[in-house]
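Scroll down for the structure; my scribbles are underneath it.
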Number of protein chains: 2
Amino acid sequence: MTVQLAISSVAPDVSRSGSLPWTEPVCDAEDIGAPSLRFEQDCEIYGEGEEAASYYKVVSGVVRTCRFMSDGRRQIDAFHVAGDVFGIEAGPQRSLTAEAVSDCRIISYRRLPFDKAGTVSGSQQLVTHLLRNFERAQEHAVLLGRRSAVEKVAAFLLGWARQSACTGTIALAMTRLDIGDYLGLTIETVSRTLSQLERDEVIELPSVRQIRVKDLGALTAFNL
Amino acid sequence: MTVQLAISSVAPDVSRSGSLPWTEPVCDAEDIGAPSLRFEQDCEIYGEGEEAASYYKVVSGVVRTCRFMSDGRRQIDAFHVAGDVFGIEAGPQRSLTAEAVSDCRIISYRRLPFDKAGTVSGSQQLVTHLLRNFERAQEHAVLLGRRSAVEKVAAFLLGWARQSACTGTIALAMTRLDIGDYLGLTIETVSRTLSQLERDEVIELPSVRQIRVKDLGALTAFNL
DNA sequence: CGTCCAGTTGACTCACCTCAAACGTGGTGG
DNA sequence: CCACCACGTTTGAGGTGAGTCAACTGGACG
């Protein structure tokens, strides 16, 4: 649960901050040599309410952004994998908490402070990422509002199946609790639903953190 | 159910399109004289899957953006009121449908086509609106995933109470069905919950489309 | 070999949904 | 002016999908 800075702890922030409130995220090719932060599993990257001084890009590992309610309920907003950008905020404060689902490496980009009017401007790259996150959030809302447990789980699996299309087996980085808090379900319901899908020969569960999709068509049929 | 163009049907699109994929939304002062489109209640403004050639700003009235599932289920993504911008898309196609909740006036801004790489750039104003919509979508996801019926309704009322703070009475533009599809509930549950809140002296329902908040504190207590 | 913890499974409960009937209001036509 | 209808809303009764609580399982690790 400790945060470690990579060897060169000078983030690419300073050299990149221009006259715009947001600096440009560098392109993927440049990122390879860039100094990155390391976070161990379950480490907090930033907390709700903190000053939003930077945004981040995932190099490796998985990050979750989530909100906690006072009674302990948690809603996971999104999982972020390599290449995803997270931590872009509308206001000066963090509206969500970000945590490392697995050990991960992350690049930080400095965000310049808002001016008095609170206006912002963005680079092409950054706006593209923002748009993608926006669309994901909308998609997620539909999922949470109008879908049954099976439909939710199927949609979740499809999302990860796309990523691991080559292997055909999904290697989950997160626990059942994470999945539940992402889908608005309890661990028990997630577990039961996965078991049911296995009984129906839609998926196979070789191990707890591995899911093999046997019938992609059946899975897809749950959406729409 | 017919679409009518205001007198001067030349939208401010053309004169404003520069070299950027997105044109700038004009400021509020300029909008006053701008030619606007009129839509009657329940008119479709655009449909899911259509080409996303413009984005819009609401001048008056209320607009809903929503998604339909093949079995008829509907999830309302957001309600947009005067000053709100909607219809900003990540891809070339509409991911949602937009409809007029009440008769309304809307200004359209042309969006230039994506270049081959699919990159976009945005003006300060537009990015600010995008950020606001993004934050709203995140908030909405938490609402849908982890809140009970009363909490959902309370949050909904608070959102509109802020707008009509001066009068103290909320004038609803939408039906119970709209509210239900926004909150991920049925009409019956929305109705029952409102009745219960009235019995508990938290609100008053002088008429079907009017809600008077009697105990703002109690309403706020349902959040967090 | 025992401990620990994530995951699974079962029995029961409950919040919300479904179905159905009654109500109220606004519009239309006699 | 009133009778009637249409439609959105309210209310009631009963059903059910997912939550709760609790016991059990099975790897991982010492």
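The analysis underlying the following values was restricted to heavy atoms, covering all of them including side chains, and did not include hydrogens, waters or symmetry mates.
The aromatic rings of A:Tyr46 and A:Tyr56 lie parallel to each other, their planes meeting at an angle below 30°, with 60° marking the opposite boundary. Between A:Tyr182 and A:Phe79, the two ring planes are tilted [angle within 30° to 60°].
When the P atom of D:dG17 is taken as reference, atom NZ of A:Lys152 falls 14 Å away, rounded to whole Å. When rounded to the nearest whole Å, the span between CG of B:Leu144 and P of D:dA18 equals 15 Å. Here the C1' atom of nucleotide D:dT9 and the CD atom of B:Gln210 are 16 Å apart, to the nearest Å. In this structure, the CD atom of A:Gln41 is 15 Å from the P atom of D:dA28, given to the nearest Å. Remark: P of D:dT11 and CD of B:Glu198 are 8 Å apart, rounded to the nearest angstrom. Here D:dG8 presents its P atom at 15 Å from CG of B:Leu172, a figure rounded to the nearest Å. Separating the CG atom of B:Asp181 from the C1' atom of D:dG8 is a distance of 14 Å, rounded to the nearest angstrom. The distance from atom CD of A:Gln196 to atom C1' of D:dA18 is 14 Å, rounded to the nearest whole Å.
Salt-bridge check for A:Lys214 with A:Glu198: failed, with every basic side-chain N at 4.0 Å or more from each acidic carboxylate O. The pair B:Arg136-B:Asp77 fails the salt-bridge criterion, with no side-chain N (NZ, NE, NH1 or NH2) lying under 4.0 Å from an Asp/Glu carboxylate O. A salt bridge links B:Arg64 with B:Glu99: the closest approach of a Lys/Arg side-chain nitrogen to an acidic carboxylate oxygen falls below 4.0 angstrom.
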Inset, instruction - Determine, for nucleotides 6-16 of chain C in 5'-to-3' order, which nucleotides have protein heavy atoms under 4.0 Å from the base (write B), from only the sugar-phosphate (write S), or from neither (write -). - result: -SBBBB----S
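Within the 3.5 Å criterion, the main-chain N or O of A:Ala173 finds a donor-acceptor partner in the side chain of A:Arg209.
To the nearest 0.5 angstrom, B:Leu144 atom CG is 11.0 Å from B:Glu139 atom CD. Note that the OG1 atom of A:Thr220 and the CG atom of A:Leu158 stand 5.0 Å from one another [nearest 0.5 Å].
Rounded to 10°, the helix from C:dC1-D:dG30 to C:dG30-D:dC1 has 30° between the axis fitted to its first five pairs and the one fitted to its last five.
The neighbour count for B:Glu51 CD, taken as heavy atoms of other residues, nucleotides or ligands under 6.0 Å away, does not exceed 12.
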